[in-house]
Each structure stands twice: as C-alpha cells, then as structure tokens.
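Each chain gets a letter, A, B and so on, in the order the sequences are listed, and its residues count up from 1. Computation of the quantities below employed the complete heavy-atom set of this structure, encompassing side-chain atoms and omitting hydrogens, waters and symmetry-equivalent molecules.
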Protein chains: 2
Amino acid sequence: MALSGEDKSAIAKLSWQSRAFARDAYLIREGELSVLCTLLLAGFAFRQKLVSDGSRQIISFHIPGELLDVQNVLLDLADHNVQCLSRCTVAVVSRAQLLDLMGERPAIRRAIWLDSLIDSAVFREWVVNLGRRDAKQRIAHLLCELAARLKSSGNGEGEMYDFPFTQEQIADATGLTAVHTNRTLQTLRRDGLISLGMSKLTILDWEALADVGDFNERYLHHAV
Amino acid sequence: MALSGEDKSAIAKLSWQSRAFARDAYLIREGELSVLCTLLLAGFAFRQKLVSDGSRQIISFHIPGELLDVQNVLLDLADHNVQCLSRCTVAVVSRAQLLDLMGERPAIRRAIWLDSLIDSAVFREWVVNLGRRDAKQRIAHLLCELAARLKSSGNGEGEMYDFPFTQEQIADATGLTAVHTNRTLQTLRRDGLISLGMSKLTILDWEALADVGDFNERYLHHAV
DNA sequence: CGTTAATTTGAGACCATTCAATTTCGGTGG
DNA sequence: CCACCGAAATTGAATGGTCTCAAATTAACG
C-alpha cells in the first residue's frame, strides 16, 4: 500500500531498536501481555500453540519484512506463542507508540489493519488446508504459499528460495507427523515438482504443484 | 468495549436497512467485491470455502449480534463465502459509511478492529483444533466454543442453547465426515457430557466436556 | 400425510500414525 | 582437515482412526 512522504517520515521518527534472537527464542508467549511490536528484519518466525497432550500446531510462518505482533496489539493477553525459526533480527517499538502513530496517520492505520486482515485470510486458508486436504495436497499448498510470499517480498532468486524449515516444522504446520511428511515430500520430489535440501527449496513445476495443492493465491491479497 | 454516548448516537445515525435471508442464502461470495457490511440481528451464519474436489470447509460460525463483513472491508475481492445457516435477519450499511464512521470516531474504530482481531484468534484456534486434535476432541472443543459464545452473548437459558446445526455442518467445520461426526456425537452423549436434539444443545457436564476438548476460552478474549 | 432432509448403522478399505532402527547432515573441537 | 556428535532425515512394519459406500431409520416440513 503506497504511503505518502509524510507517513514515511512519521515512521522513520519512531524510536525503535534492533534486537537479535537465537533460533527457537520466544518473541511472544501465550498468556503474557505483549507490550512490544516487532517487525521481522531478517530470519524466519512462526506462530504456535500447544495442546493438552504436548503436541504443537504451527499456525503461520513469517518471513523477513513482516509485522509480527499486530494480532496482539489490542488484546489483553496473547493467545498463542511466536517463536524464531532461525536466527532473527527484529525491529521493536512499543505498543503505545504504534497505536499513537495509527491514531494520527490514517494511511498507516489502514495499512496496518489491512496487514492484520491479510494475516486472517491466511489463517482461514490454513483451516481449509487442514480440514479438507490430504497430506500431499497440504504440503504442496504450504510450499506454494511460502514460495509465493517469498517471491513477492523479494526473498528468492528465480524459483529458488531460502527454506530453513525442518520436516518436523512442516509436519506441525500441516497437522501431520514428521514421518509422513518425509514420505510425502519424497513423492513430490519423485514426481519432479520440487527440489528440496540444504535449506533451499526450488519449485521445478509451479503449475503442477499449484494444481496438486489446489493453490489459488487470491487469499494472499497481493501481500508484500 | 464501552462506547460513549456520542459514539452510540453516531452509530444510531447510520442509514441502515434490515434484510431477511433464507437458509443457505449467500451473504458474501468468494471472488466478489463486498460493498456492504452486515450485522447479524437474528439467526446463524457461517464462513465457508470449497476445495477442488468439491468438498466444503466451514471456517467459522456466527451467532446473533456479530458483525459479518469486517474481514472483507479493506480487501479487494472476498476470499471466502459467507452463508446463512438458518433464516437470518441482518442490518446492512455500506462499506463506505462504515469506513467513514471509523475515520471519525476512534473508539468505534478500535472496537471494530478489536472485533476483527478476535475473529482472527478464533481462526487460529480452529487451525489448532483441525491440526492436532482427534475427532472427539475437535467436536467437544467446537461445542464448548459455541456454548461459551452463546452464553456470553445472552443466547441461551442456563446450559441449554439454540443449536440449529446439522451434523453435516459440524462435520464440515471439524474436518470430519458426517458419518464419523454422528458416531462421535453418540459417544459424547453416551458419556453423559451433552444432550443434543431438536435444535437444542445442553451441556450436561461442562467441566468434563472442556477437559475432553482441551478447551481454554482465553482465545475468545471475552468476546461479546 | 407424503416427501425430502437428516440421522443412524454396518462392514471393509485406506491413509496416516506409531514405534523403532538406521543413515545422513551440519556444526564443532582437536 | 578430519573425527566426532547431536539433530535431522529416512526406512520398515504393524496398528488404528477415519473414510467410503450403501442401506435403513427417523425427523422435519408444507
């Protein structure tokens, strides 16, 4: 969304600090008040929730350039965890500062709200993915989503993307076990749809992968 | 969220119209521009998306008193369908009017944004429900959520609630088949947790049902 | 009171899980 | 630079939860 020069300078005037986090570090914890708002400058992160038997469901992945805490900014206590997937660098501002900025600058307010609504659209698509697709479709869909977002945010060269996800994380995002995720990835490789290894994903046949995963990028709403 | 008298009168000044819809009528269609914003006055509705093989995933249910189109108000084209579950009466205002009101009145803006963030929190919980819980847990969790929301919005007498959902709809919301939903509901009845029939749900043992469904209402954020 | 929708029941098939063991990868220290 | 280590990926076989398909029963509606 295009912002005016004044909006941009208002953002530049924010007092923020850069912070580094290790892999697996928590940025937000369920049950705590999140008073900070963070922008992911470098590295990957994910939202996550634990269930009674101890297993974990990943709710979304986040790539460099995305806002992480908008979902919590008006809420009392966070209802989920946000965790670093790789080493991360984030820009941090206070919740109060962000809300003030939004109060003063309608275009920024709108942009941030839009961002949170696109996050919601992704959650909805994940509900569909988990509820009505089998293993092969789920994983294909997830790979399409990540590739589409990495491409449109400028992370990636051609059809090759940084891909620091473990198979266990893919499993926790798709509602599968790591074992079955492994087997399913192998069939996607065997079918010539993807190449995956050494923290790099390459989409070899985009059209076929999107077809397998029933992927339609409308729900991303041209997210940056 | 408490609104001032001025805010309330600004809302009262909106030019809205009441409309009735039949069961199964579409309020929003995927791929279309939603220029209207609706408040559900009476009846139940749900969000829904279809996948390639024609099967349907329900993404959320909505009860009287809830806003339906906030998720689409800043988006170009709707990414999902919204459909009436029972006969519905809705209040309709134009998208432009709602956005104007939000521009002028910070408290209303905040309330509506909060509403959309709580919707998101529910989507996230559904991701967890579909991804990491088995059939019995999923259905118990869904029943807890609906009961909690119906209770806090004043729809319900004691532990008995209007419950116009078919088993097929519960199946499409929990990612199961209607057949397996039927068998699972029977075990919940046999265990003495619920009583269900004639469009009425009674929670016989709230604590046990919440325990089975791993239900923690924090994610509802005391939604109205 | 007839007709359609919704619920219920049964049996067999299948996708994904579980559990356990093995191999490969990535990083670290000598 | 190589040996080592824990993490991650891979493989196998048996189990199980859920699905599929079909039919019967019951409830809802005009």
Next on the checklist: Closest-nucleotide mapping onto DNA chain C: is Met198(A) or Arg189(B) further toward the 5' terminus? I mean the 5' end.
Outcome noted: Arg189(B)
Checklist entry - Roughly how many Å is it from NZ in Lys200(B) to P in dA27(D), rounded to a whole number? => result 18 Å
Next on the checklist: Below 4.0 angstrom, which residues in residues 163-185 of chain A have at least one non-hydrogen atom near DNA chain C?
Outcome noted: Gly175(A), Leu176(A), Thr177(A), Val179(A), His180(A), Arg183(A)
Sub-3.5 Å pairs of nitrogen or oxygen atoms, protein against nucleotides 5-7 of chain D:
none

Checklist entry - Side chains of Gln97(A) and Trp16(A): do they bring a donor and an acceptor to under 3.5 Å? => result no
Next on the checklist: Is it true that Glu125(B) and Asn129(B) share a donor-acceptor pair across their side chains at a distance under 3.5 Å?
Outcome noted: no
Checklist entry - How far apart are the closest heavy atoms of Asn72(A) and Asp79(A), and which atoms are they? => result OD1-N, 4.2 Å
Give every donor-acceptor pair under 3.5 Å between a side-chain atom in residues 24-32 of chain A and any protein atom, sequence neighbours left out.
none

Next on the checklist: Just checking Tyr161(B) against Phe163(B), ring centres under 6.0 Å apart?
Outcome noted: no
Checklist outcome for this item: Rounded to whole Å, the CD-C1' distance (Gln186(B) to dT25(D)) equals 12 Å
Checklist entry - Between the side chain of Asp191(B) and the main-chain N/O of Leu193(B), is any donor-acceptor distance below 3.5 Å? => result no
Item to check | Residues Ser120(A) and Ser120(B): side-chain donor-acceptor under 3.5 angstrom | outcome: yes
Next on the checklist: Taking any atom closer than 4.0 angstrom to a non-hydrogen atom of chain A, what span of DNA chain C does the protein reach, first nucleotide to last?
Outcome noted: dA16(C) to dG26(C)
Checklist entry - Have Ser60(A) and Arg47(A) got a donor and an acceptor in their side chains that come within less than 3.5 Å? => result yes
Checklist entry - Which angle, to the nearest 10 degrees, lies between the helix axes at the two ends of the helix from dC1(C)-dG30(D) to dG30(C)-dC1(D), each defined by five pairs? => result 50°
Checklist entry - Between His141(A) and Tyr219(A), how do the two ring planes meet: parallel, tilted or perpendicular, split at 30° and 60°? => result parallel
Next on the checklist: Could you go through Phe44(B) and Phe165(B), starting from their C-alpha distance and side-chain angles, then the distance that decides it, and tell me whether this counts as ring-ring contact (aromatic ring centres under 6.0 Å, His included)?
Outcome noted: CA-CA 9 Å; Phe44(B) 290 68; Phe165(B) 307 89; 5.5 Å; yes
Checklist entry - Taking all non-hydrogen atoms of both residues, which atom of Leu98(A) and which atom of Cys37(A) are closest, and how far apart? => result CD2-SG, 3.7 Å
Checklist entry - Less than 4.5 Å apart, any side-chain heavy atom of Phe21(A) and any of Val90(A)? => result yes
Checklist entry - Listed in order of residue number, which residues of residues 126-139 of chain A have a non-hydrogen atom at under 4.0 Å from DNA chain C? => result Asp134(A), Ala135(A)
Checklist outcome for this item: For Gln71(B) and Leu117(A), the nearest pair of non-hydrogen atoms, with its separation, is OE1-CD2, 3.8 Å
